[in-house]
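In what follows, a structure is listed as structure tokens, so that the remarks can point back to it.
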Amino acid sequence: MRASCRSSVRAAGAERAVDEDDLRELAAEALGEVYLRGGGRRAHGLEAELKDIVDLQFEL
């Protein structure tokens, strides 16, 4: 995950209490930006959504 996405996720979580749905939405946005949209270089307008997650781990 790029530094800008990491800082955005941290900032969003630090600003207010987040629940599981909020975390799922933040993770989907970060993954979509980095892996699907290539940081704005491709797939403009494509949105990512995470559903039915059993276990998802990130290393920052």
Side-chain angles (χ1 to χ4, degrees):
M1 189 181 299
R2 288 187 341 209
S4 62
C5 289
R6 284 195 300 265
S7 61
S8 296
V9 170
R10 280 192 206 130
E15 290 176 8
R16 62 183 172 84
V18 294
D19 63 14
E20 191 171 312
D21 289 335
D22 294 328
L23 292 173
R24 187 178 297 116
E25 187 176 326
L26 287 168
E29 177 58 32
L31 288 170
E33 178 63 27
V34 173
Y35 294 108
L36 302 175
R37 293 186 297 274
R41 294 185 307 272
R42 61 179 182 271
H44 302 282
L46 182 69
E47 293 189 21
E49 187 175 320
L50 298 176
K51 293 185 173 190
D52 300 323
I53 302 295
V54 174
D55 183 42
L56 180 64
Q57 297 180 13
F58 290 94
E59 185 174 319
L60 299 176

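In the displayed structure, Asp52 atom CG is contacted under 6.0 Å by at most 12 heavy atoms of other residues, nucleotides or ligands.
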Contacts table for residues 43-50: side-chain donor-acceptor under 3.5 angstrom, sequence neighbours left out:
{"from": "His44", "atom 1": "NE2", "to": "Gly40", "atom 2": "O", "distance (Å)": "3.4"}
{"from": "Glu49", "atom 1": "OE2", "to": "Lys51", "atom 2": "NZ", "distance (Å)": "3.3"}

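Of all heavy-atom pairs between Arg42 and Leu36, the closest is NE-O, 3.4 Å.
Partners of Asp19 according to the salt bridge (Lys or Arg N to Asp or Glu O under 4.0 Å) rule, which considers only residues two or more places apart in sequence or in another chain, do not exist here.
Rounding to the nearest 0.5 angstrom, the gap separating the CG atom in Leu26 from the CG atom in Asp21 is 11.0 Å.
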